[in-house]
Undergrad: 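Sending over a structure as structure tokens; questions will come in a sec.
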Amino acid sequence: MGIGELDREAHVPEATSAGTAPRTLAEALRARGDEGLAALLRARPDLLSPVPNDLTQLATRAGTRGSVVRALERLDRFALQTAEALAVAPDPAPYPVLLALLAGDEGDPAIEAALPGAVALLREQALVWGEDDRLRLVRTARELLAPSAQHPSPTGLGPTVAEATAGMSPGRVQEIIAAAGLPATHDPVSAVAALTELFTDRARMGALLDEASPEALSVLDRLVWGPPYGEVTANPAPPVRWLRDRGLLLPVSARTMVLPREVALHLRGGRAHRTPEPVAPVVEVVREYRPQVVDGAAAGQAYTALATVEELLKSWDQGGPQVLRAGGMSVRDLKRTAAALDVTEQVAAFWLELCFGAGLLASDGEADERYAPTPAYDDWLDLPPAERWARLVAPWLTATRTAGLVGGQDAKGRTLSVLGPDLDRAAAPEVRHRVLELLATLPPGAAADPGTVFARLRWERPPRGAAQPVPPRAPQAAAGADETTGTGSGPEAPGDLRSRLARWTLAEAELLGLTGRGALASPARALLNLPLAEAATPTDHGGRVELSVAAGRAATLLAPLLPEAVDHVLLQADLTAVAPGPLRRPLADALAVLADVESKGGATVYRFTPGSVRRALDSGRSASDLHDFLTAHSRTPVPQPLAYLIDDVARRHGHLRVGAASAYVRCDDDTVLGEILADRRSAALGLRRLAPTVLAAQTDPASLLDGLRSMGYAPAAESAEGDVLVTRADAYRTPARTAPVPVPEGPPVPDTTLLGAAVKAIRAGDRAATAVRKEPAAPVASAGGLPRTSAAETLATVQAAAMTGTAVWIGYVNAEGAASQRVIAPVRVEGGFVTGYDHTADEVRTYPLHRITGVAELADDQV
């Protein structure tokens with residue numbers, strides 16, 4: 001909003017009378033009902049921070065550049081096209097003129113049907129005000145959307161004839177109108193008006209263009225949809241000279257010409273946009289499945305997601321990769337994680353960010369900082385599978401951290417690392433919700449065409465990248481030679497952030513089991529609090545249940561679809577065990593220590609190796625414990641090779657003892673120590689004999705343990721007291737950590753209670769600011785415009801108002817020196833204080849009389 005408009009609002013405080021058209025945005029807002037103001041504040045919550053004092057301040061704030069930019073960015077494509085058309089229309093513009101700019105000379109029933117809604121939306125958001133015969137786009141929006149050489153308009157239109165000829169000499173203007181066949185005028189203003197009238201007259205303009213050569217028309221065709229600027233040489237070709245002489249091209253500089261807006265509109269058939277889009281693109285179906293098939297496929301993927309998360313975090317039980325100095329994981333560690341999970345690096349980044357966002361993974365905060373599972377991970381493992389799934393998808397739905405950005409670069413050219421900073425994108429939760437909602441509009445079991453989903457999202461929120469003006473080369477003499485450059489107002493670039501977020505959402509929803517075969521599953525509908533029996537088109541997010549409650553409902557629907565956990569395995573003679581389904585928690589944990597996973601799928605295959613058996617013995621189990629465990633949980637007898645393997649490893653386990661000297665090895669059998677010393681592979685350990693049963697090493701105990709194990713021995717670590725150290729898989733956890741908090745996109749949408757209170761406060765402040773006062777007999781004007789009264793006059797006036805029960809208008813200065821004006825109804829005056837109902841604050845307050853600068857009675861019609 002411009003300064004002139006604000007000045008008019010400041011000097012026109014009275015409310016608009018019935019039947020009078022508003023003269024300012026403030027008057028238009030003043031004429032609204034409470035529901036209209038609430039709708040404005042709901043659509044533009046940034047206007048509430050802080051709550052405006054009155055409607056004039058609200059109108060001023062609604063016209064600031066930052067607020068207008070945010071409002072424009074949240075418009076759908078047709079509403080934005082409507083605003084863009086108003087920006088190139090006369091100010092003010094009648095509704096028929098706006099309709100003609102959008103529908104063109106031939107008209108368009110779809111545009112005629114959609115335009116009233118678009119204008120109503122712009123009015124609701126205070127981007128447009130005025131009656132239909134005088135529609136006005138707020139000044140800031142016009143400055144942002146109107147075409148100029150520095151900021152090309154999305155419409156591709158250029159300046160008007162009047163704007164393009166503003167610096168032209170009067171003689172040159174007369175030459176142009178003479179060449180166009182118009183009579184000479186006495187001043188350049190009337191000459192420009194005559195030329196404008198010619199270019200807007202369809203019949204006369206058609207006759208003028210009939211005289212143009214095909215080459216000249218070709219030049220206009222290349223400029224008509226934008227950009228309208230072109231470079232010319234010092235000696236333009238005849239077609240360009242013909243257009244220049246008649247004003248069909250006007251000079252901007254010595255080397256640049258522009259196509260006037262009126263000429264372009266005539267060539268376009270009156271349309272401001274090449275392709276108006278009054279109707280949102282329809283999300284199309286590519287394939288349909290039975291809902292049961294979709295739910296089954298989604299449940300299978302949900303189970304895979306749980307297994308993947310568990311496998312990832314279990315591999316980090318003893319501490320994961322180091323944290324980079326700048327935060328996040330290194331590329332090398334990400335590649336290792338991807339290889340361990342047998343997925344791509346991008347998918348591995350998604351699982352890592354999912355665990356981080358759910359609070360299951362964090363850094364330990366130590367000096368040598370590493371990633372590790374959190375205590376919340378152990379609690380998560382104890383939950384039923386469906387609830388564990390819900391604990392993953394609910395944070396994903398609201399998270400602003402975006403795994404798809406990993407591997408890209410930030411604004412400074414630095415590579416974005418997984419779990420690192422700068423991965424938050426405030427639009428991510430909204431896009432995820434909207435993508436799933438669009439899938440929900442299709443019949444159950446229907447898979448959407450991703451291209452139509454992206455097109456719908458781009459229509460609902462068009463990308464608004466700042467177009468950098470690139471001066472195009474103008475057409476030259478050679479007929480048919482394409483010498484114009486620059487891009488017109490074509491479709492939006494496919495790589496905008498919201499489209500990428502939507503693409504990632506579809507892939508991640510499939511990985512999580514929210515969709516199956518591209519169609520939305522029943523648990524996902526419950527998570528979004530949508531109807532399950534039939535498709536719905538959710539548009540109102542108000543009144544929705546809490547996400548945790550919706551996640552619980554989704555888990556309830558998913559639970560019967562997941563495979564039932566089993567409590568047994570099938571041991572085989574080739575040192576493997578087959579789990580015919582997901583294993584129950586105690587069995588799964590114990591078997592993961594005793595054996596290594598060889599293959600996953602519908603049935604998991606575990607393989608027993610000397611290393612895995614030694615790992616179980618290190619955890620405190622004895623050979624007899626392992627035999628009993630396998631006998632109890634196997635539906636087949638324990639194979640003899642497996643029994644021999646356990647006994648053989650157990651017989652050698654702990655025979656050697658490793659402790660801290662730097663490190664030492666002790667063994668009751670000195671021949672074993674002799675074998676170790678004689679082995680060339682032990683040279684790197686720096687061993688030497690201290691006693692018949694003790695070897696000293698020049699390496700640390702952990703490296704010594706690994707070295708001896710690589711040589712085929714089974715040493716055990718011992719404490720300083722000589723006791724065997726027992727290691728457990730869940731030995732290391734980070735301190736308690738909270739999950740990362742999503743980064744909001746601007747202020748939150750206010751609830752109904754806050755909106756009601758805000759509207760009430762704005763109304764009360766506006767009443768105080770616009771109340772009509774009685775002039776005192778001998779007014780002495782104060783700096784703020786309030787009649788300044790003496791202490792005796794102030795006291796007498798408020799006492800009289802308290803006795804009669806009437807309201808008065810006061811000026812008040814608080815303890816900080818801030819001045820304000822208020823309307824109060826005094827009820828008690830005593831002890832140097834006046835107590836009354838403050839209409840501005842909508843509550844009873846007490847004011848010191850010495851801080852009241854002046855007082856005046858309200859006019860009779862204001863009481």
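Just so you know, residue 1 is the first one in the sequence shown, and it goes up from there. Please read these numbers as outputs of a predicted model, since none were measured by experiment.
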Undergrad: Can you tell me if R70 uses its side chain to pair, donor with acceptor, with the backbone of D46 under 3.5 Å?
TA: no
Undergrad: Q174 side chain to T185 main-chain N or O, any donor-acceptor pair under 3.5 Å?
TA: yes
Undergrad: L250 vs I176, test: side chain to side chain contact (heavy atoms under 4.5 Å, CB included). Steps then yes/no.
TA: CA-CA 10 Å; L250 292 173; I176 291 176; 3.9 Å; yes
Undergrad: Can R434 and E437 be counted as an ion pair, charged N to O under 4.0 angstrom?
TA: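 A salt bridge is present here (some side-chain N lies under 4.0 Å from a carboxylate O).
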Undergrad: Report the distance from atom CZ of R74 to atom CG of L80, rounding to the nearest 0.5 Å.
TA: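 Here the interatomic distance stands at 13.5 Å.
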Undergrad: Quick check: do L423 and L416 have side-chain heavy atoms less than 4.5 Å from each other?
TA: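 Result yes, sub-4.5 Å side-chain heavy-atom pair found.
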Undergrad: Decide yes or no for L223 and L267: does some side-chain heavy atom of the first lie under 4.5 Å from some side-chain heavy atom of the second?
TA: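 Heavy-atom side-chain distance check fails, nothing below 4.5 Å.
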Undergrad: Is a side-chain N or O of S153 found less than 3.5 angstrom from the main chain of T155, in a donor-acceptor match?
TA: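 Such a contact is found between S153 side chain and T155 backbone.
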Undergrad: Between D54 and R30, does any side-chain N to carboxylate O distance fall below 4.0 Å?
TA: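 No, this pair does not count.
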Undergrad: If only atom types and distance count, is the side chain of R401 paired as donor or acceptor with the main-chain N or O of D424 below 3.5 Å?
TA: no
Undergrad: Keeping R261 on the side-chain end and V88 on the backbone end, is there a donor-acceptor pair under 3.5 Å?
TA: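 Yes, R261 side chain to V88 backbone: donor-acceptor pair under 3.5 Å.
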Undergrad: Evaluate the criterion side chain to side chain contact (heavy atoms under 4.5 Å, CB included) for residue pair E112 and L99; output intermediate values, then yes/no.
TA: CA-CA 7 Å; E112 294 175 6; L99 176 60; 3.9 Å; yes
Undergrad: What I'd like to find out is whether the side chain of T24 reaches to under 4.5 Å of the side chain of E27, using heavy atoms alone.
TA: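 Heavy-atom side-chain distance check passes, below 4.5 Å.
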Undergrad: Can you name the nearest heavy-atom pair linking A254 to V232, along with the distance?
TA: O-CG2, 4.3 Å
Undergrad: Compare all side-chain heavy atoms of I111 with those of F78 and state whether any distance is below 4.5 angstrom.
TA: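 In contact.
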Undergrad: Evaluate the side chain to side chain contact (heavy atoms under 4.5 Å, CB included) criterion for residues L755 and L48: first the C-alpha distance (whole Å), next the side-chain angles of each, then the deciding distance (0.1 Å), finally the verdict.
TA: CA-CA 9 Å; L755 282 176; L48 270 178; 4.2 Å; yes
Undergrad: Decide whether R222 and S218 meet the rule of one side-chain donor and one side-chain acceptor closer than 3.5 Å.
TA: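 Result is yes, a qualifying pair exists.
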Undergrad: State whether E131 and R134 are salt-bridged, where the test is any N-O pair (Lys NZ or Arg NE/NH1/NH2 against Asp/Glu carboxylate O) under 4.0 Å.
TA: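 A salt bridge is absent here (no side-chain N lies under 4.0 Å from a carboxylate O).
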Undergrad: Can you tell me how far apart CD (E277) and CG (L102) are? Round to the nearest 0.5 Å.
TA: 12.0 Å
Undergrad: With respect to L127, which candidate in L121, V68, T82 satisfies the side chain to side chain contact (heavy atoms under 4.5 Å, CB included) definition?
TA: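 When L121, V68, T82 are each tested with L127, the side chain to side chain contact (heavy atoms under 4.5 Å, CB included) holds only for V68.
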Undergrad: Is a donor on one side and an acceptor on the other found under 3.5 Å between the side chain of R255 and the backbone of V252?
TA: no
Undergrad: Checking side chain to side chain donor-acceptor pair (under 3.5 Å) between H273 and each of E84, R77, R268, which is the one that passes?
TA: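 The passing option is E84.
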Undergrad: Taking side chain as C-beta onward, heavy atoms only, is L182 less than 4.5 Å from E197?
TA: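 No, every pair of side-chain atoms sits at 4.5 Å or beyond.
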Undergrad: Within a radius of less than 6.0 Å around CD of Q409, do more than 12 heavy atoms belonging to other residues, nucleotides or ligands occur?
TA: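 More than 12 within 6.0 Å, yes.
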Undergrad: Kindly give the heavy-atom pair with the smallest separation between V51 and R61, and that separation in Å.
TA: C-NH1, 4.3 Å
Undergrad: When you compare the side chains of S67 and T64, does any donor N or O come within less than 3.5 Å of an acceptor on the partner?
TA: no
Undergrad: Quick one: does any side-chain atom of T400 pair with a main-chain N or O of V743 as donor and acceptor, under 3.5 Å?
TA: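 Yes; at least one donor-acceptor contact below 3.5 Å.
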Undergrad: Shortest non-hydrogen contact from F199 to M205?
TA: CD2-SD, 3.5 Å
Undergrad: Are W129 and L29 side-chain neighbours, meaning at least one heavy-atom pair lies under 4.5 Å?
TA: no
Undergrad: Heavy atoms only: give me the nearest L135-G130 pair and the separation to one decimal.
TA: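 Between these two residues, the closest heavy atoms are CD2-O, 3.9 Å.
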Undergrad: Is it the case that the side chain of S190 and the backbone of D187 share a donor-acceptor pair, with hydrogens and angles ignored and the cut-off at 3.5 Å?
TA: yes
Undergrad: How many angstroms lie between CG in L259 and OH in Y229, if you round to the nearest 0.5 Å?
TA: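 Reported to 0.5 Å precision, the distance equals 10.5 Å.
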Undergrad: Less than 4.0 Å between a side-chain N and a carboxylate O, is that true for R456 and E460?
TA: yes
Undergrad: In Å, rounded to the nearest 0.5 Å, how long is the span from CZ of R763 to CG of L37?
TA: 4.5 Å
Undergrad: Keeping R246 on the side-chain end and W242 on the backbone end, is there a donor-acceptor pair under 3.5 Å?
TA: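 Yes: the side chain of R246 pairs with the backbone of W242.
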Undergrad: State the CG-CG distance between L208 and D201, to the nearest 0.5 angstrom.
TA: 11.0 Å
Undergrad: So, for L397 and R432, which heavy atoms are closest and what is the spacing to 0.1 Å?
TA: O-NH1, 4.1 Å
Undergrad: List the atom of R142, the atom of P90, and the distance in Å for their closest heavy-atom pair.
TA: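 The answer is NH2-O, 4.1 Å.
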Undergrad: Counting N and O atoms only, with roles assigned by atom type, does the side chain of R498 sit under 3.5 Å from a partner on the main chain of P463, one being a donor and the other an acceptor?
TA: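 Looks like no, no N/O pair under 3.5 Å.
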Undergrad: Could you go step by step and tell me if R32 and L40 meet the side chain to side chain contact (heavy atoms under 4.5 Å, CB included) rule?
TA: CA-CA 10 Å; R32 289 192 183 190; L40 169 61; 3.6 Å; yes
Undergrad: Within the structure provided, determine whether D410 and L405 are in side-chain contact (heavy-atom separation under 4.5 Å).
TA: no
Undergrad: Out of curiosity, L439 CG to L506 CG, how far, rounded to the nearest 0.5 Å?
TA: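 It comes to 6.0 Å.
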Undergrad: Taking the side chain as every heavy atom from C-beta outward, state whether D105 and R202 have any pair of such atoms under 4.5 Å apart.
TA: yes
